[in-house]
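Each remark here refers to the structure printed beneath this line.
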Amino acid sequence: MDYDFRKIEKKWQDHWAVHKTFKAHNRSDLPKYYVLDMFPYPSGAGLHVGHPLGYIASDIIARYKRHSGFNVLHPQGYDSFGLPAEQYAIQTGQHPSKTTTANINRYRQQLDRMGFSFDWDREVRTSEPEYYRWTQWIFLKLFDAYYDLDADKAVPVSQLIDRFEKEGNLKVKAHCDKDTPVFDAHQWKAFDGDEKQKILLFYRLTYLSDTEVNWCPALGTVLANDEIVNGVSERGGHPVTKKKMRQWSMRIGAYANRLLKGLDSLDWTDSLKEMQRNWIGKSEGASIYFDLEHHSEKLEVYTTRPDTVFGVTYMTLAPEHELVEKITTPEQQNAVDQYIKQIAGKSDRERQADVKSISGVFTGAHALHPFTGAPIPIWIGEYVLAGYGTGAVMAVPSGDQRDFDFATHFKLPIINIFEGIDISEGAYTEKGNVKLTQSGFLDGLDFKAARDRVIVELESKNCGKGAVNFRLRDAIFSRQRYWGEPIPMYFKGEIPFPLPEKHLPLALPEVEKYLPTEDGKPPLGNAKVWAWDETHEKLVSVDRIDQKTVFPLELNTMPGWAGSSWYFNRYMDADNQNEWVGSEALSYWKDVDFYMGGSEHATGHLLYSRFWHKVLFDLGYVPTEEYAKKLVNQGMILGNSAFVYRKKGTRTFLSKGLIVGQSVEPIHVDVSLVNAYDELDLEAAKNWQKDFKQAEFVLEGGKYIVGREVEKMSKSKYNVVNPDEICDTYGADTLRLYEMFLGPIEQDKPWNTAGITGVHNFLKKFWRLFYQQDQWSVTENEPNAESLKILHQTIKKITDDIGRLSFNTCVSTFMICINELTTLKCSSRSVLEPLLILLSPFAPHFCEELWHQLGHNKSIELEPFPIFDPSKLMEKTKEYPVSFNGKMRFTLELSLDLGVDQIKEIVMQEQRTVDHMKGDVPKNIIVVPGKIINIVS
RNA sequence: GCCUCGGUGGCGGAAUUGGUAGACGCGCUGGAUUCAAAAUCCAGUUCUUUCGGGAGUGUGGGUUCGAUUCCCACCCGAGGUACCA
């Protein structure tokens with residue numbers, strides 16, 4: 001009987017689905033284990049071979065943990081709100097929910113073919129009202145909370161109001177807007193309702209504020225930095241400007257410190273934690289308020305180097321800084337206007353990336369030095385970003401390289417404040433022991449002493465203070481999109497009010513067009529029934545808005561990260577109609593034990609979800625402060641794109657070897673048209689696209705050879721490889737093994753099917769231990785010692801390697817094991833059964849089938865994982881660690897029958913000769929050159 | 001630009017703590033089996049060589065008795081860079 005993977009895989013997939021083999025129960029005496037994947041965005045291109053990489057790895061963990069006696073929760077779902085579905089809707093007029101459902105169905109089909117042990121009864125879709133009802137509910141919880149700095153946690157706003165009524169806000173220490181007015185209880189009570197609400201907005205964790213966006217008037221939409229190239233929109237090439245918009249934001253800044261500290265408790269890779277640390281970007285320094293010449297305002301700057309304050313020779317403002325307008329002198333007005341216009345289209349990223357060209361303009365105004373009173377010219381420069389610090393810097397050319405370059409370029413003065421340091425070539429940026437000079441009362445002090453001293457002086461003169469700053473900005477939460485969660489708020493004039501909880505979900509309205517309205521409102525501005533009748537508590541037509549009882553609803557939707565910031569909790573109790581997640585389910589599953597996903601989410605999803613989880617923790621809705629203690633990043637599987645080369649301006653395509661010295665443009669061709677030797681199938685190519693039909697192909701050696709490049713897998717690059725093809729040809733078990741065999745799970749790697757026959761042959765070879773010449777060949781004989789040794793070596797290696805997630809070496813280990821057993825002709829049941837259990841997390845269909853053929857009725861899933869027995873290894877040698885100067889250097893492998901004294905003697909002998917004896921060592925000793933002093937242990 | 005990761009044979013990769021570099025698989029070469037092919041099995045396969053050896057883990061330095069592994073500088077590639085998910 002041959003290994004008929006098609007039949008086997010279908011059979012067991014159906015069996016598992018019908019019997020709900022992988023259903024997880026919220027009550028169990030077993031210890032729980034929660035294995036989570038980052039759920040996919042269901043794109044139109046379908047699932048490609050890159051998606052399953054992480055899913056296969058986490059499925060191995062889930063199955064391994066079931067074998068190890070855990071009650072495993074391993075769910076899957078879809079992050080189904082997103083821009084691509086909306087773009088498609090704009091182009092075709094088809095409702096995004098239709099496309100999304102179609103895509104999800106296709107994803108599900110593909111996922112089902114790979115034998116994942118998901119509990120599909122817990123599926124979630126972020127775009128379903130039953131789900132986003134609770135996303136909206138969480139939004140309202142954040143709206144109804146503020147961050148109390150004394151308690152160092154989020155607290156309901158009702159408690160804040162109580163305090164205002166009793167004592168005003170003078171003593172309230174909260175993370176709030178810096179423009180919050182100060183009032184006492186009396187004044188608070190005197191405010192009218194609107195004023196009270198406006199003040200509360202300064203405190204709420206979700207709040208409205210004017211924030212700057214990239215606005216494209218021609219497209220009528222806001223653009224991401226990503227969508228802007230060279231100052232114009234990627235689509236259409238229209239000009240882009242900055243525009244202030246009233247938008248929802250979330251006070252993630254309040255959690256900066258806790259998000260930072262919490263990282264220490266997480267078992268995530270150091271690199272990922274480092275990325276989050278840098279993103280949060282905590283720095284310590286000082287705020288300094290500079291007086292302005294001829295103006296009453298002060299210019300506040302934040303600096304990490306207050307010790308260099310005597311080296312300030314000019315100030316630089318971000319072009320968007322609010323003072324620019326006020327202080328620019330008439331003589332400079334023209335130059336400043338022009339400069340700002342020139343910068344307007346550039347994204348922050350472009351402004352930072354371009355360090356070669358230095359640009360800036362003088363405002364004509366001066367600030368006054370807080371200690372010397374000297375006038376300091378105020379400039380504008382694009383390298384200062386409005387979003388970081390105060391959007392203004394004090395420039396110290398001798399202590400900061402960018403300031404130095406700017407000063408050199410514009411011939412501004414440079415004061416060297418570092419004693420004995422030559423700064424003719426560049427700034428001195430180290431915070432070393434160098435003493436300050438030309439620095440007034442700071443002369444002779446080093447960095448630390450000067451920093452402490454200057455802060456004391458600033459505070460006593462009331463012109464500055466020590467300050468901690470974070471790079472992390474509050475998260476803008478409004479999107480001018482259709483395909484997202486509606487924000488459950490309505491407006492009485494300027495004041496937002498939450499929809500009553502019992503009326504959630506606020507479902508997405510039907511619209512005729514998914515584009516912004518003609519007058520620039522977001523797509524929901526097209527909705528007809530999109531107003532809130534406060535008296536009758538129901539949704540009504542926008543025609544009835546009267547601002548007395550019927551009010552307009554919010555037109556923005558939530559960003560993509562909203563739904564994905566809490567989905568892991570919903571899986572615990574996905575069907576709950578009354579709560580976001582039931583407390584019983586929550587107290588059983590608690591948190592995620594193993595989270596698998598891409599590192600591209602390091603500073604997006606993985607930070608936002610931690611933030612929401614901490615808020616929910618503060619408000620008492622979840623039992624843990626971090627939801628995923630262990631996180632593993634799978635690498636990306638990259639596509640191996642193929643190119644043909646068109647001679648510029650012709651229809652002639654040159655083979656890769658002929659393009660040298662020619663002016664050619666590379667054009668993507670579908671990778672399925674190319675064989676393993678990079679030869680293009682010309683017939684197929686001509687049928688593939690019109691352009692190629694009449695084209696002339698110049699060959700080399702009778703072949704057209706394509707160029708290759710490794711890129712992200714994407715539909716537009718024609719390099720997508722679909723897992724279905726692999727499943728058809730080799731089966732899911734082979735695909736699973738091969739994806740693991742490709743390389744370390746955390747590493748990016750290009751997809752290449754060339755080696756897949758190797759793992760497929762391994763399965764066939766394993767199968768042949770059960771069947772030889774169509775005969776069932778499993779024996780009930782006791783295995784010999786050699787076979788048992790191989791088995792237990794394999795158990796040890798596999799257990800260790802699963803533990804350190806080295807799945808690629810697991811596959812190698814299996815191959816070695818089966819090769820050796822084949823050589824030994826070992827088909828003993830007591831060797832093969834444990835091997836099947838070992839392999840079943842990797843190749844579940846294969847193992848389940850043979851397990852049942854061996855006469856078992858229950859699923860292999862219920863079998864305990866084999867346990868390593870060292871006594872079966874028949875050890876003839878033992879490893880002795882040997883040290884040099886007390887440090888472990890290497891091991892000697894010696895026969896077991898040698899006594900310790902004999903070993904010592906050998907080692908002492910080797911110590912003298914070992915450098916030269918590489919070839920002369922007795923066979924029972926493996927010695928590495930080096931000096932040996934004594935034996936440890 | 002900035003943050004993070006990576007670079008080892010013809011290819012994917014192994015080397016777990018600084019100790020015999022190249023496990024395992026693909027490909028390739030030769031052989032067995034076969035009328036033949038497929039399938040399967042066996043042997044070989046880093047490069048170079050005057051067959052003694054020599055070189056070798058992106059490049060250049062450094063630490064060390066010893067470096068793929070640690071440090072410094074650089075080159076190349078990937079991901080992120082706040083409205084893609």
Side-chain angles (χ1 to χ4, degrees), chain A residues 38-41 43 79 81-84 87 213-214 221-227 247 252 269-279 281 347-356 383 387 402 471-481 484 559-561 564 598-605 607-608 633 635-636 638 676 710-712 738 741-744 746-759 761-762 764-765 768 800-801 803-804 806 808-809 811-816 819 822-823 881-882 884-885 887-891 914-915 918 921 926-931:
Chain A
M38 287 185 187
F39 58 171
Y41 173 78
S43 93
D79 187 13
F81 272 133
L83 209 47
Q87 299 285 16
V213 293
N214 301 311
T221 56
V222 175
L223 296 177
N225 282 333
D226 244 9
E227 299 172 290
Q247 301 205 86
I252 190 172
T269 59
D270 289 336
S271 59
L272 195 108
K273 290 200 271 189
E274 193 61 20
M275 266 191 261
Q276 289 211 346
R277 281 193 195 101
N278 292 332
W279 186 260
S347 67
D348 283 4
R349 201 189 306 172
E350 283 173 317
R351 278 165 56 177
Q352 279 181 294
D354 186 8
V355 288
K356 281 174 199 141
Y383 74 96
R402 280 175 315 180
R471 205 183 73 99
L472 182 69
R473 303 203 294 262
D474 274 354
I476 299 174
F477 201 72
S478 296
R479 297 291 181 272
Q480 294 69 45
R481 313 279 188 201
W561 54 267
S564 60
S599 61
E600 67 268 27
H601 300 287
T603 54
H605 159 64
L607 200 61
Y608 294 129
N633 298 123
M636 193 179 297
L638 301 164
V710 172
E711 303 175 289
K712 206 167 173 169
Y738 184 59
F741 185 62
L742 265 179
E746 304 208 10
Q747 190 176 300
D748 289 348
K749 44 211 160 241
W751 178 256
N752 180 2
T753 22
I756 199 165
T757 52
V759 288
N761 284 343
F762 153 73
K764 288 199 280 187
K765 210 163 178 176
R768 280 199 298 273
D800 288 353
D801 284 355
R804 63 188 182 102
S806 180
N808 54 332
T809 54
V811 181
S812 294
T813 303
F814 281 125
M815 287 175 174
I816 294 167
N819 281 343
T822 303
T823 312
V882 177
F884 171 69
N885 285 350
K887 276 188 175 174
M888 228 261 266
R889 289 293 169 175
F890 52 85
T891 56
V914 78
D915 281 329
K918 201 172 174 183
V921 187
I926 299 168
V927 179
V928 183
K931 286 180 192 165

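Convention: sequence-line order gives letters A, B, ...; per-chain numbering from 1.
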Rounded to whole angstroms, how far apart are [atom1] on [X] and [atom2] on [N]?
X      : N     : atom1 : atom2 : answer
A:L472 : B:G80 : CG    : P     : 19 Å
A:I756 : B:G13 : CD1   : P     : 15 Å
A:Y738 : B:C24 : OH    : P     : 18 Å
A:K765 : B:A39 : NZ    : C1'   : 13 Å

Does [N] have its OP1 or OP2 closer than 4.0 Å to a side-chain nitrogen or oxygen of [X]?
X      : N     : value
A:N752 : B:C26 : no
A:R473 : B:A82 : no
A:Q480 : B:C83 : no
A:K749 : B:G6  : no
A:N808 : B:G12 : no

Next on the checklist: Please classify the glycosidic conformation of B:G62 as syn (within 90° of 0) or anti (everything else).
Outcome noted: anti
Checklist entry - Syn or anti: how is B:G52 classified when any glycosidic angle within 90° of 0 counts as syn? => result syn
Among [options], the nucleotide that comes nearest once only the side chain of [X] is considered:
X      : options             : value
A:P84  : B:G1, B:G12, B:C84  : B:C84
A:K764 : B:C83, B:A39, B:U4  : B:A39
A:W279 : B:C84, B:A82, B:G27 : B:A82
A:Q747 : B:G13, B:C26, B:C84 : B:G13
A:E600 : B:C26, B:G80, B:A15 : B:G80
A:D79  : B:A14, B:A85, B:U4  : B:A85
A:V222 : B:A82, B:G79, B:C83 : B:C83
A:S812 : B:C24, B:G13, B:G79 : B:C24
A:R349 : B:U81, B:C83, B:C11 : B:U81
A:F741 : B:C84, B:G13, B:C24 : B:C24

Checklist entry - For RNA chain B, whose closest nucleotide is more 5', that of A:L638 or that of A:G560? => result A:L638
Checklist entry - Mapping A:N278 and A:R768 to their closest nucleotides on RNA chain B, which lands nearer the 5' end? => result A:N278
Measuring only between side-chain heavy atoms, which start at C-beta, is [X] closer than 4.5 Å to [Y]?
X      : Y      : result
A:R481 : A:L83  : yes
A:E746 : A:T269 : yes
A:Q247 : A:Q480 : yes

Item to check | Gap separating the CZ atom of A:R277 from the CZ atom of A:R471, nearest 0.5 angstrom | outcome: 15.0 Å
Checklist entry - Could you give the distance from NE2 (A:H601) to CG (A:L607), rounded to the nearest 0.5 Å? => result 13.5 Å
Next on the checklist: Only pairs with both distances under 3.5 Å count, Watson-Crick or wobble alike; so what is the partner of B:U16 in this structure?
Outcome noted: none
Checklist entry - For B:C2, what is the paired nucleotide under Watson-Crick or G-U wobble rules, both distances under 3.5 Å? => result B:G80
Next on the checklist: Say we look at B:G58 and B:C11: how far apart would their P atoms be, to the nearest angstrom?
Outcome noted: 13 Å
Next on the checklist: Mind checking if A:D801 touches a base, just sugar-phosphate, or nothing, with heavy atoms under 4.0 Å?
Outcome noted: nothing
Checklist entry - Going through the distances and angles, do A:Q276 and A:K273 end up as a side chain to side chain contact (heavy atoms under 4.5 Å, CB included)? => result CA-CA 5 Å; A:Q276 289 211 346; A:K273 290 200 271 189; 5.7 Å; no
